Amino acid sequence: MKVYNTLSGKKEEFTPIEEGKVRMYVCGPTVYNLIHIGNARPMIVFDTVRRYMEHRGYEVNYVSNFTDVDDKIIKKANEEGTDPSVISERYIAECKKDMDSLHVKPATTHPKATCEIGGMIEMIQTLIDKGHAYVAEDGTVYFKTRSFSGYGKLSHKNLDDLRSGGRSLLVSGEEQKQDPLDFVLWKPKKEGEPFWESPWCQGRPGWHIECSVMSKKYLGDEIDIHAGGEDLIFPHHENEIAQSEAANGKQFAKYWMHNGFLNIDNKKMSKSLGNFFTVRDIGEKYDLQVLRFFMLSAHYRSPLNFSAELMEAAKNGLERIITCVSNLNFLLEKAGTEKMSVEEEKLLGQAAAYEKKFDEAMDDDFNTADAISAIFELVKFANTNADENSGAAFVRALKEKITGLADICGLVVERSEEILDSEIESLIAQRQEARKEKDFKRADEIRDILAGKGIILEDTREGVKWKRA
């Protein structure tokens, strides 16, 4: 299995620190609102990485945090006249609902920043004691960036060319810095903000320190994979490396994985452009399995363009797999013998080649686009080779192969059994009787009535099938 490591800038053979186990940390959202589809991409991508690792037999300890103390959370709380914890707990709950709808597995641990303040104070004190941080007059604690010789190794930036920026939680009194590149570890309280006691002042942590502390607590000083969106490479992940390695004296993460940006109709997603979509917005138009399928239709490191046309294509693509599985279930109901014929055994051997193609694609830096192509090939094979004369064992084996590969991608392609109400059952039976009597006008009328109730009929060689629109 090869993984593209942002740290080295190349694909590397994956070798875990501890045989058979993977320690993985994924930066989670800041919980001040409903998650948007940009948040959803890393959730889906790295959930799929986790699923494939588990498919390969690894025991995965997967940690993804919630940032529940932040300027945006405080601002929203002030607007609503409530406590910031009310805002963060509300949107943590909503985020978990969206993750469930996207079929993203819960993390092994979902730590919250506000529950880990003690550990942050401890690590900051360690950095001060080791000469990597200093306390300004007002109690602000800064990381001394030039004290860490490896700074810039993740973003491949020259230290002398860097300027601190991005979301580094800078505060007033910048003149207190010993160097413009130094960043905040602890900041003094402001009026109307939550705060915690510390040896330096009443205040709260900077953003970067939380992930270093939570990763250390729940995964150890050294981890296998640290992941997130590519916008986090600098300064967030760069600063995490500096803090963690300066404090612990060990390599922080062996492999750094970053997903590409998501654009909307080839433009950056922005509320001002009117192209900002939450996961809930998309859920009003599509089953969120379609969004997951769309996200996996491109390689995770590639930029991904979201558009109505591409979502329709994703919907149709996913429907091809679902329809195939539905057809196989229909054949299973009709199938007679369980025993597989010699010819069917040979065909099943051929089908195994598509599973191999799937694994090869995923082993090549989790190339979900090619992996899904392998599923489509298997679907085509099943559509071609399974019919009303096929044995149950053969049909079942094909179905299990398709649903198994889809499940690794987090895709649910088998619809749960639905019971039609008595009126619809009666109409379908009446239509069948009308067709038998060659009363095609009445049969068409009934089809239209059913269509008006959201029931679509399909006349196939195996018999009448139905699905909800």
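The structure presented is a predicted model; accordingly, all values stated were derived computationally and were not measured.
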> Does T48 use its side chain to pair, donor to acceptor, with the backbone of I44 at less than 3.5 Å?
Replying inline: yes
> Rounded to the nearest 0.5 Å, how far apart are CG of N65 and OG of S215?
Replying inline: 10.0 Å
>> So which atom in L185 and which in A133 form the shortest heavy-atom distance, rounded to 0.1 Å?
In response: CD1-CB, 3.7 Å
> Within the distance-only criterion (no hydrogens, no angle test), does the side chain of R292 pair as donor or acceptor with the backbone N or O of L411 below 3.5 angstrom?
Replying inline: no
>> Would the distance check show the side chain of Q251 and the main-chain N or O of E222 forming a donor-acceptor pair, the cut-off being under 3.5 Å?
In response: no
> What pair of heavy atoms forms the shortest contact from C409 to R51, and how long is it?
Replying inline: C-CD, 4.4 Å
> What's the spacing between F366 CZ and K2 NZ if we round to 0.5 Å?
Replying inline: 12.5 Å
> Closest approach of H226 and C27, non-hydrogen atoms and distance?
Replying inline: CE1-SG, 3.6 Å
>> Looking only at side-chain N and O atoms, does E116 offer a donor or acceptor that is under 3.5 Å from a partner on Y218?
In response: yes
>> Could you go through H208 and Q243, starting from their C-alpha distance and side-chain angles, then the distance that decides it, and tell me whether this counts as side-chain hydrogen bond (donor to acceptor under 3.5 Å, both in side chains)?
In response: CA-CA 8 Å; H208 311 298; Q243 296 162 165; 5.7 Å; no
> Do we see a donor-acceptor contact under 3.5 Å between the side chains of T403 and E414?
Replying inline: no
> Taking T108 for the side chain and N61 for the main chain, is one N or O donor matched with an acceptor at less than 3.5 Å?
Replying inline: no
>> How close do D224 and K21 get, counting heavy atoms only, and between which atoms?
In response: OD2-O, 3.7 Å
> Got more than 12 heavy atoms from elsewhere within 6.0 Å of NZ, K130?
Replying inline: yes
>> With a 3.5 Å distance limit and no angle check, can you tell me whether R396 reaches the backbone of L332 through a side-chain donor-acceptor pair?
In response: no
>> When you measure from the side chain of E238 to the backbone of L154, do you find a donor-acceptor pair of N or O atoms at a distance under 3.5 Å?
In response: yes
> Looking at side-chain heavy atoms only, is the closest gap between Y32 and K75 below 4.5 Å?
Replying inline: no
>> Could you tell me if the side chain of L398 sits less than 4.5 Å from the side chain of L348, heavy atoms only?
In response: yes
> Does a sphere of radius 6.0 Å around NZ in K112 hold more than 12 heavy atoms from other residues, nucleotides or ligands, not counting ones at 6.0 Å or beyond?
Replying inline: no
> Can you list the steps and then say if E80 with R90 is a salt bridge (charged side-chain N to carboxylate O under 4.0 Å, His left out)?
Replying inline: CA-CA 13 Å; E80 293 190 13; R90 177 198 304 164; 2.8 Å; yes
> Is the NZ or CZ atom of K157 both under 6.0 Å from the centre of the six-membered ring of F234 and within 45° of that ring's axis?
Replying inline: yes
>> Could you check whether any side-chain N or O of N305 sits under 3.5 Å from a backbone N or O of N266, counting only pairs where one atom can act as donor and the other as acceptor?
In response: yes
> Quick check: are there more than 12 heavy atoms from other residues, nucleotides or ligands sitting under 6.0 Å from CD of E360?
Replying inline: yes
>> For E59, is the CD atom crowded, meaning more than 12 foreign heavy atoms sit under 6.0 Å from it?
In response: no
> Among F294, Y286, F261, which one satisfies ring pair (Phe, Tyr, Trp, His ring centres under 6.0 Å) with F306?
Replying inline: F294
> How are the rings of Y52 and H55 set relative to one another: parallel (under 30°), tilted (30 to 60°) or perpendicular (over 60°)?
Replying inline: tilted
>> Using 0.5 Å steps for rounding, measure from the CD atom of E193 to the NZ atom of K187.
In response: 6.0 Å
>> Would you say NZ of K153 has more than 12 non-hydrogen atoms from neighbouring residues, nucleotides or ligands within 6.0 angstrom?
In response: yes
> If you measure only the distance, is there a donor-acceptor pair under 3.5 Å linking the side chains of D365 and Y300?
Replying inline: yes
> Which is it for F46 and I225 under the side-chain contact (heavy atoms from CB on, under 4.5 Å) test, yes or no, and what are the steps along the way?
Replying inline: CA-CA 10 Å; F46 299 116; I225 298 173; over 6 Å; no
> So which heavy atom on H156 is nearest to which on G9, and how close?
Replying inline: NE2-N, 4.4 Å
> Between V69 and S88, is any pair of side-chain heavy atoms under 4.5 Å apart?
Replying inline: no
> N248 versus M123: any side-chain heavy-atom pair under 4.5 Å?
Replying inline: yes
> How about Y151 and F143: are their ring centroids closer than 6.0 Å?
Replying inline: no
> Should the heavy atoms of other residues, nucleotides or ligands under 6.0 Å from CD of E19 be counted, would the total exceed 12?
Replying inline: no
> Are the aromatic rings of F276 and H36 close, with centres under 6.0 Å apart?
Replying inline: yes
> Do D129 and Q125 have a side chain donor and acceptor closer than 3.5 Å?
Replying inline: yes
> When rounded to the nearest 0.5 angstrom, what distance separates CG in L262 from CE in M295?
Replying inline: 5.0 Å
> With a cut-off of 6.0 Å (strictly less than), are more than 12 heavy atoms of other residues, nucleotides or ligands near NZ of K105?
Replying inline: yes
> Hey, does F148 have a side-chain heavy atom less than 4.5 Å from the side chain of I241?
Replying inline: yes
>> With rounding to the nearest 0.5 angstrom, report the CZ to CG distance, R41 to L304.
In response: 4.5 Å
>> A side-chain contact here means heavy atoms from C-beta on lying under 4.5 Å apart; do W207 and P235 qualify?
In response: no
> Sub-3.5 Å donor-acceptor pair from the side chain of D265 to the main-chain atoms of S307, do we have one?
Replying inline: no
> Are the charged groups of R280 and E94 less than 4.0 angstrom apart, N to O?
Replying inline: yes
>> What's the separation between atom NZ in K10 and atom CG in N5, rounded to the nearest 0.5 Å?
In response: 9.5 Å
> For K96 and D100, what are the C-alpha separation, side-chain angles and deciding distance, and is it a salt bridge (charged side-chain N to carboxylate O under 4.0 Å, His left out)?
Replying inline: CA-CA 6 Å; K96 287 181 176 179; D100 185 59; over 6 Å; no
>> Salt bridge check, D221 against K216: does any charged N sit closer than 4.0 Å to a carboxylate O?
In response: yes
> Can D70 and R204 be said to form a salt bridge (charged side-chain N to carboxylate O under 4.0 Å, His left out), step by step?
Replying inline: CA-CA 9 Å; D70 176 89; R204 60 187 173 98; over 6 Å; no
>> If you compare all heavy atoms of L102 against all heavy atoms of A40, which two are closest, and at what distance to 0.1 Å?
In response: CD1-CB, 4.0 Å
> Hey, is the main chain of I209 close enough, under 3.5 Å, to the side chain of E240 for a donor-acceptor pair?
Replying inline: no
>> Here's a test for you: under side chain to side chain contact (heavy atoms under 4.5 Å, CB included), which of L232, D231, L7 qualifies with H237?
In response: L232
> Short question: side chain of T278, backbone of D281 - any donor-acceptor pair under 3.5 Å?
Replying inline: yes
